[in-house]
Amino acid sequence: MIDELRLEQQQQLSQQQIQSLQLLAMDNIELEGFLQNEHLENPLLEYSSQGTSLRKGEVDAFWNRDIRESAAEENKIKPYLQEQLPMEKFTQKEWELFEFLIDCLDEHGFFKGNIEEIAKMNHVSCQSVEKCLEELRLLEPVGIFAENLQECLLRQLAVLGISNPDLEKIIKEHLEDVAEGKISSISRELKLSTLQVRKYIAMIEHLNPCPMAGFSTGETKYIVPDMIAVQGESGWEILLNDSWLGDYGLNDYYIHMMKETKDAELYEYFRKKLERARFIVNSIEQRRKTLLMIGKTLLEHQKGYFEGKEPLRPMTMTALAKELGINSSTVSRAIKGKYIQAPRGTLELKSLFSAGVHQNGEEKGEAVTANKIKNQIFKLIKAEDKRKPYSDTKLVQLLQQENIQISRRAVAKYREEMGIRGSFERKEE
């Protein structure tokens, strides 16, 4: 029996270690989705919006979160809407009014225009404007031309055939509370269980808060940095860009309920949920510590690069892991798909690592990064006599004088990667 218990504990520990590493590998956007699901399923995991939240007090921004694709463009939404309107049904004046009204949409797809002003500008009656608006509001995507977020979401519920007074009241009166994670406030006011409120919130999250999303003309995507490198009077500092995730902790109310209950089955349910909640909270904190530790150490090693004074210094994940006393696979997972925002731009963490380059694996002189070699090649070619440009063999010799030992083939490879032509093509008369 004892052996079976030990085996079960070992398996559980192993599974938790695996999930802890999976959490470490998530970027902030992925982590947010994971935590929202956990919060929805686990009443012992409490959420509160704290710190400088990117969404706090901004309902539209909350529901329009993570729209990293570029903002919708009218030259794509306009034909999409017009194609849904039967041409023979409307007059030329109405078609002109449709076009005018589409141009009045904001970036979310909401209509913020003033009907009286639009009527005067187009020399039509207010009734004509309202009639055209009603036609446009029947089009897809559902929610287009709504006056606000609430109307947009309610219209989608109607199309789905969902009629629920409590759900509708949350949308009408409590979106701000939802955005700030105030589930208990909603629960008390509507006299609903927190579990039921979470289910309603999950339903709302499956609606489309931004009808214009997906109508961009380009493939532009915004990168959400996971770290921020800040240079102040006292030096450089690494900050984690995760305050907008809010704080997750343990729900004291349910912990008290667990302690008071006489129902063995209910106690066991709460016990497992509490164990899971503690694991999540501890894993998040460990993730933050690991990322900060790696970020600060990277910044120390690449300070000159961040300041724009020198190229990247040689730094491998193995070397960094050894310095921090952690496994190299931990470093690999921690930097996976993550970015750091710095004065010189937003950089992928992986790009800050570069192994030293040597010829034939022999450590002749100081190890240098590929970036540094490219910089040196660029400088040599820039300063060359354009009537007698350096051959790749000559560049090898000049690099040797800089204590950089690489082959002619490597020089040609780096030169081509920088888009620099061969010596014959660079020659000027």
Side-chain angles (χ1 to χ4, degrees), residues 20-35 54 65-70 216 218-231 235-245 283-284 286-324 326-357 367-378 413-414 416-419:
S20 184
L21 289 173
Q22 289 173 340
L23 282 171
L24 180 62
M26 293 177 185
D27 61 29
N28 280 345
I29 301 302
E30 293 169 331
L31 181 63
E32 181 193 29
F34 171 82
L35 291 175
L54 297 182
R65 66 193 180 283
D66 305 338
I67 295 183
R68 295 178 294 284
E69 296 178 357
S70 55
S216 64
E219 295 298 323
T220 306
K221 291 189 177 181
Y222 299 125
I223 292 172
V224 179
D226 300 87
M227 298 181 188
I228 301 173
V230 182
Q231 187 176 25
W236 284 90
E237 185 180 4
I238 288 288
L239 306 173
L240 290 185
N241 183 29
D242 63 356
S243 61
W244 54 277
L245 285 171
S283 294
I284 293 171
Q286 185 58 46
R287 177 184 181 276
R288 297 189 85 258
K289 289 179 180 178
T290 302
L291 289 177
L292 279 173
M293 182 171 60
I294 290 174
K296 288 177 180 178
T297 307
L298 261 177
L299 185 56
E300 289 172 6
H301 279 275
Q302 308 294 4
K303 183 179 177 183
Y305 177 75
F306 276 92
E307 293 175 347
K309 296 178 180 178
E310 60 182 57
L312 283 173
R313 296 175 59 191
M315 167 59 67
T316 65
M317 294 184 198
T318 303
L320 181 66
K322 186 175 181 181
E323 180 177 339
L324 297 176
I326 59 179
N327 195 291
S328 58
S329 64
T330 301
V331 175
S332 177
R333 286 185 173 90
I335 69 169
K336 178 187 174 186
K338 297 183 180 67
Y339 291 81
I340 182 168
Q341 181 180 305
R344 67 177 300 162
T346 300
L347 310 166
E348 191 173 10
L349 282 176
K350 185 172 66 175
S351 70
L352 299 176
F353 291 88
S354 182
V357 179
V368 292
T369 66
N371 282 344
K372 185 173 181 180
I373 293 174
K374 288 181 181 180
N375 287 339
Q376 196 61 34
I377 292 172
F378 179 80
K413 173 177 172 285
Y414 290 137
E416 290 170 1
E417 286 178 356
M418 291 187 290

Give me the atom names and distance for the closest heavy-atom approach of [X] to [Y].
X	Y	result
R333	K338	O-NZ, 3.6 Å
F353	M317	CD2-N, 3.6 Å
D226	G337	OD1-O, 4.2 Å
L347	S351	CB-OG, 4.2 Å

request  = Start with the C-alpha distance between I238 and L298, add both sets of side-chain angles, then the distance that settles side-chain contact (heavy atoms from CB on, under 4.5 Å), and finish with yes or no.
outcome  = CA-CA 10 Å; I238 288 288; L298 261 177; over 6 Å; no

inquiry  = Nearest 0.5 angstrom please: Q341 CD to M227 CE, how far?
reply    = 13.0 Å

ask   = Just how far is it from atom CG of L352 to atom CZ of F306, taken to the nearest 0.5 Å?
value = 5.0 Å

Checking [X] now: which residues fulfil side-chain contact (heavy atoms from CB on, under 4.5 Å) with it, not counting sequence neighbours?
X	result
Q22	I18, Q19
T297	H301, L320, E323, L324
K303	W236, E307
M26	L23, E30, L31, F34

With a cut-off of 3.5 Å and sequence neighbours excluded, list every side-chain donor-acceptor pair involving residues 288-295.
unit_1	atom_1	unit_2	atom_2	d
R288	NE	D242	OD2	2.8
R288	NH2	D242	OD1	3.4
T290	OG1	Q286	O	2.9
T290	OG1	Q286	NE2	3.4

query = Got E348 and I335 here, is their nearest side-chain heavy-atom distance under 4.5 Å?
reply = no

ask   = Heavy-atom distance under 4.5 Å between the side chains of L299 and Y305, does that happen here?
value = no

task = Can you sort out the partners of S329 under side chain to side chain donor-acceptor pair (under 3.5 Å), two or more places apart, ordered by chain and number?
result = N327

query = With distance as the sole test, does N241 use its side chain to make a donor-acceptor pair with the main-chain N or O of P225 at under 3.5 Å?
reply = yes

query = Counting only N and O atoms by type, is there a donor-acceptor contact under 3.5 Å from the side chain of K336 to the main-chain atoms of S332?
reply = no

message = If the condition is salt bridge (Lys or Arg N to Asp or Glu O under 4.0 Å), which residues does K413 pass it with, not counting sequence neighbours?
response = E417

